[in-house]
Amino acid sequence: METKTVDARGMACPLPVVNAKKASEEMTQGGTLTVLVDNEIAVQNLTKFGNSKGFTVSSEKKAEKDFAITFQIPANSVQPSPAASSDEPACTPDSKKHGLVAVLSANTMGNGEEQLGKILMKSFIFALTKQDQLPETILCYNSGAYLTCEGSDSLEDLKSLEAEGVKILTCGTCLDFYGLKEKLAVGGVTNMYEIVEIMENAGTIVRP
């Protein structure tokens, strides 16, 4: 049985959960995982994560902006995939969810303060890279076109998704309108006909 501590204080959402997930997956023999955070929202998110995995979860407020969330992780809580347990060699399994389309229609998330909206969008795209099942396609249009161009804070995350086989498409009309056509740095260019076609055939559409 292993004992591990992850210091996630000062980390923005979703990093505390991402790091807790990674640490728990490494503890194949089970044990106690403690995650340190500095805000109540992180406590709530980590508690939900632990419950979703079937871990025993407890939390303690040690001081103002100082919390410890403890997970009791059973041995072999991460089961190998059928492909991994097969005697025959297998390629890396396709992590994309068929029919899942993420639509990024702006370079901010939600309404209100623009700077906050940009921070939230960056966090949203980063969180996409950490999902067990990735989108099959990401559509970017209107000011969402900025996300796939030079200078985007999310460029590396989008390139990572593309490397995993996610199809990233940006509206050509939008690139022209914002003068970004020569600055596209990830994915390809699409048109409204294809956007409508992809959305009509999507099994699930995610909009931040």
Side-chain angles (χ1 to χ4, degrees), residues 8 10-22 39 41-42 44-45 48-49 52 91-208:
M11 293 184 182
C13 172
L15 282 174
V17 171
V18 169
N19 287 329
K21 180 176 183 290
K22 181 175 183 292
N39 64 87
I41 299 300
Q44 294 172 18
N45 289 338
K48 290 178 182 177
F49 161 74
S52 73
C91 299
T92 302
D94 189 355
S95 59
K96 301 186 299 300
K97 181 177 180 180
H98 181 69
L100 176 61
V101 176
V103 175
L104 309 180
S105 59
N107 61 344
T108 61
M109 182 175 180
N111 300 313
E113 179 59 41
E114 181 180 5
Q115 188 58 37
L116 174 59
K118 289 182 177 180
I119 292 171
L120 294 176
M121 179 59 80
K122 178 176 169 58
S123 295
F124 176 85
I125 294 173
F126 175 75
L128 277 182
T129 69
K130 300 302 180 182
Q131 300 305 302
D132 292 332
Q133 288 191 305
L134 304 177
E136 187 174 31
T137 307
I138 296 177
L139 297 174
C140 301
Y141 54 81
N142 210 316
S143 63
Y146 281 99
L147 297 169
T148 55
C149 293
E150 295 172 7
S152 166
D153 290 338
S154 296
L155 203 53
E156 291 307 313
D157 289 330
L158 289 171
K159 286 181 177 180
S160 172
L161 287 166
E162 185 178 45
E164 292 288 337
V166 178
K167 192 174 184 180
I168 300 174
L169 298 172
T170 304
C171 168
T173 301
C174 305
L175 290 169
D176 283 338
F177 183 87
Y178 290 115
L180 296 171
K181 197 166 186 178
E182 303 303 320
K183 295 184 178 181
L184 184 67
V186 63
V189 179
T190 187
N191 54 67
M192 192 53 64
Y193 182 88
E194 186 178 16
I195 289 173
V196 171
E197 188 175 49
I198 290 171
M199 292 176 72
E200 281 186 339
N201 293 324
T204 304
I205 294 178
V206 177
R207 300 173 184 268

Thr170 and Thr148: CA distance, side-chain angles, deciding distance, side chain to side chain donor-acceptor pair (under 3.5 Å) verdict = CA-CA 7 Å; Thr170 304; Thr148 55; 2.9 Å; yes
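- When side chains are defined from C-beta on, Leu175 counts as touching Cys149, because their heavy atoms get closer than 4.5 Å.
- In this structure, CD1 on Ile119 lies 11.0 Å from CD on Glu114, to the nearest 0.5 angstrom.
- Looking at heavy atoms from C-beta onward, Met121 lies in side-chain contact with Leu104 at the 4.5 angstrom threshold.
- Two residues are said to be in side-chain contact when any heavy atoms from C-beta on lie closer than 4.5 Å; Met199 and Val103 meet this criterion.
- Residues forming a side-chain hydrogen bond (donor to acceptor under 3.5 Å, both in side chains) with Asn39 (at least two apart in sequence, or on another chain): none.
- A donor-acceptor contact shorter than 3.5 Å is absent between the side chain of Lys130 and the backbone of Val18.
- Considering every non-hydrogen atom in both Ser123 and Pro14, the closest pair reads O-CD, 4.0 Å.
- Checking side-chain atoms of Glu136 against main-chain N and O of Val101 turns up no donor-acceptor pair under 3.5 Å.
- The minimum heavy-atom distance linking Ala145 with Cys174 is given by the pair CB-CB, 4.2 Å.
- In terms of modelled atom types and a separation under 3.5 Å, the side chain of Glu164 and the main chain of Ser160 share no donor-acceptor contact.
- Taken to the nearest 0.5 Å, the OH atom of Tyr146 stands 12.0 Å off from the OG atom of Ser152.
- In this structure the side chain of Ile195 reaches within 4.5 angstrom of the side chain of Cys171, judged on heavy atoms.
- Put simply, the side chain of Leu169 reaches to within 4.5 Å of the side chain of Ile198, judged on heavy atoms.
- Applying the side chain to side chain donor-acceptor pair (under 3.5 Å) test to every pair with at least one member in residues 177-195, sequence neighbours left out, gives these pairs: Asn142-Tyr178, Thr190-Glu194.
- Taken to the nearest 0.5 Å, the CE atom of Met109 stands 10.0 Å off from the CG atom of Leu116.
- The shortest non-hydrogen separation linking Ala12 to Pro16 is O-CD, 3.4 Å.
- When all heavy atoms of Asn19 and Met11 are compared, the pair lying nearest together is ND2-SD, 3.1 Å.
- Here OG1 of Thr204 is found 6.0 Å from CG of Leu100. Values are rounded to the nearest 0.5 Å.
- Taking CG of Leu134 as the start and CD of Glu162 as the end, the distance is 13.0 Å to the nearest 0.5 Å.
- Two residues are said to be in side-chain contact when any heavy atoms from C-beta on lie closer than 4.5 Å; Leu128 and Pro135 meet this criterion.
- Atom CG of Asn201 is surrounded by more than 12 heavy atoms from other residues, nucleotides or ligands within 6.0 Å.
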Can Asp132 and Lys21 be said to form a side chain to side chain contact (heavy atoms under 4.5 Å, CB included), step by step?
-> CA-CA 11 Å; Asp132 292 332; Lys21 180 176 183 290; 3.1 Å; yes
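- Here the CG atom belonging to Leu155 is positioned 10.0 Å from the CD1 atom belonging to Ile125, to the nearest 0.5 angstrom.
- The backbone N or O of Phe49 sits less than 3.5 Å from a side-chain atom of Ser52, completing a donor-acceptor pair.
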